[in-house]
Amino acid sequence: MGFISIISFAHKLIEERVQPGETVVDGTAGGGVDTAFLARLVGPSGIVHAFDIQQQALDRTASRLEQECPGRDVRLHLRSHEAMLDAIPEENHGRIGAVMFNLGYLPGADHETVTEPASTLAALEASARLIRRGGIITIVLYTGHSGGLEEAAEVERWAASLPQKHFQTLQYRFMNQINHPPYLIAIEKR
């Protein structure tokens with residue numbers, strides 16, 4: 001028996017905090033794994049907003065949703081995650097149960113299209129405003145691509161600077177794995 005994977009741990013943290021019927025966000029839709037997870041979690045009465053800058057990613061996500069959880073209210077946004085405050089209705093600001101991110105590039109696609117520190121930090125700031133008390137932000141960081149280590153360092157600095165009175169943060173990582181293994185930063189709003 002081994003430790004729980006990075007993605008599974010992120011899912012576990014969210015499952016403990018999100019209820020059916022809530023509104024949640026996937027900041028990096030990618031292949032739709034997290035979007036489908038969130039759609040199942042919030043059920044038919046919940047809403048998922050999923051963001052990606054690549055149509056290919058949203059097409060993959062839509063296909064996965066059609067197969068795994070048809071009929072769920074998932075709103076796909078072909079725009080940067082830094083625009084989530086504008087895309088999510090104002091009445092949901094401060095009421096979002098969870099926001100998920102997988103930083104890096106879309107597996108099986110162009111590795112030149114990657115998340116960037118400036119838009120990621122703007123999206124994280126927006127997420128901190130969007131989540132409710134007890135809500136969670138999960139950030140899976142992939143650092144093996146060009147710019148990945150720099151983006152991860154910026155995210156770590158941002159998370160560490162959050163006021164302890166209002167947020168608690170944690171980092172979950174495998175320390176002795178080779179080839180830049182992903183790791184998780186999770187933030188809960190108090």
Side-chain angles (χ1 to χ4, degrees), residues 5-11 14 18 22-44 46-89 92 96-127 130-131 136-155 158 179-186:
S5 76
I6 299 299
I7 298 293
S8 296
F9 190 58
H11 287 190
I14 290 170
V18 171
E22 284 201 83
T23 299
V24 293
V25 176
D26 185 351
T28 49
V33 172
D34 289 336
T35 307
F37 159 75
L38 291 168
R40 286 189 298 274
L41 188 61
V42 300
I47 299 170
V48 179
H49 291 273
F51 293 83
D52 211 290
I53 61 169
Q54 296 179 85
Q55 185 62 53
Q56 178 184 11
L58 295 180
D59 292 344
R60 286 184 191 180
T61 298
S63 178
R64 182 180 296 273
L65 291 167
E66 189 175 298
Q67 293 175 358
E68 295 181 17
C69 40
R72 299 294 164 92
D73 189 351
V74 178
R75 299 168 190 187
L76 301 176
H77 302 275
L78 182 59
R79 59 198 303 189
S80 173
H81 49 216
E82 71 183 319
M84 65 176 68
L85 275 176
D86 294 331
I88 295 172
N92 293 122
I96 301 295
V99 181
M100 299 188 78
F101 294 92
N102 279 297
L103 302 181
Y105 56 82
L106 177 62
D110 173 22
H111 291 193
E112 298 300 313
T113 304
V114 296
T115 54
E116 300 283 342
S119 61
T120 295
L121 292 175
L124 292 172
E125 285 289 338
S127 299
L130 284 169
I131 60 172
I136 187 169
I137 302 166
T138 62
I139 312 150
V140 177
L141 297 121
Y142 294 87
T143 60
H145 63 282
S146 179
L149 287 171
E150 294 80 8
E151 182 178 40
E154 292 288 328
V155 171
W158 176 83
N179 299 326
H180 303 283
Y183 65 101
L184 172 71
I185 294 176

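Contact record, P182 with I6: O-CG1, 3.5 Å, taken as the closest heavy-atom pair. When every heavy atom of I137 is checked against every heavy atom of S127, the shortest pair comes out as CD1-CB, 3.6 Å. Here the shortest heavy-atom pairing between R79 and I53 reads C-CG2, 3.9 Å. Of all non-hydrogen atoms in M100 and I14, the two that sit nearest each other are CG-CD1, 3.3 Å. Across Q54 and D52, no two heavy atoms sit closer than the pair N-OD1, 3.1 Å. Contact record, T143 with G148: CG2-O, 3.8 Å, taken as the closest heavy-atom pair.
A 4.5 Å side-chain heavy-atom check between V24 and F37 finds every atom pair outside the cut-off. Contact check for H81 versus V99: no side-chain heavy atoms found under the 4.5 Å cut-off. The shortest distance between side-chain heavy atoms of F101 and T115 does not fall below 4.5 Å. N92 has its side chain out of reach of L130: every pair of non-hydrogen atoms, C-beta onward, lies at least 4.5 Å apart. Here the side chains of H180 and Y142 are not in contact, with every heavy-atom distance at 4.5 Å or above. At least one side-chain heavy atom of L184 sits less than 4.5 Å from a side-chain heavy atom of T138. In this structure, R72 and V48 have side chains that are not in contact, with every pair of non-hydrogen atoms separated by 4.5 Å or more.
One distance of note links CG of L41 with SG of C69; it measures 11.0 Å at 0.5 Å rounding. To the nearest 0.5 Å, the span separating CZ on R60 from CG on L65 amounts to 14.0 Å. Once rounded to the nearest 0.5 Å, the distance linking CD of E116 with CD of E82 reads 10.5 Å. Here the CZ atom belonging to R40 is positioned 5.0 Å from the CD atom belonging to E68, to the nearest 0.5 angstrom. In this structure, the separation between CG on L78 and CZ on F51 is 11.0 Å, given to the nearest 0.5 Å. The CD1 atom of I185 sits 9.0 Å away from atom CG of L124, with the distance rounded to the nearest 0.5 Å.
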Which atom pairs, one a donor and one an acceptor, fall under 3.5 Å between side chains of residues 27-36 and the rest of the protein, sequence neighbours left out?
unit_1	atom_1	unit_2	atom_2	d
T28	OG1	N102	N	2.7
T28	OG1	N102	O	3.3
D34	OD1	H11	NE2	2.7
D34	OD2	N102	ND2	2.4
T35	OG1	D26	OD2	2.6

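Judged by distance alone, with hydrogens and angles left aside, the side-chain atoms of S63 form no donor-acceptor pair with the main-chain N or O of D59 at under 3.5 Å. A donor-acceptor pair under 3.5 Å is formed between the side chain of S5 and the backbone N or O of S8.
Atom CD of E150 is surrounded by more than 12 heavy atoms from other residues, nucleotides or ligands within 6.0 Å.
No side-chain N or O of T120 forms a donor-acceptor pair with one of E154 less than 3.5 Å apart.
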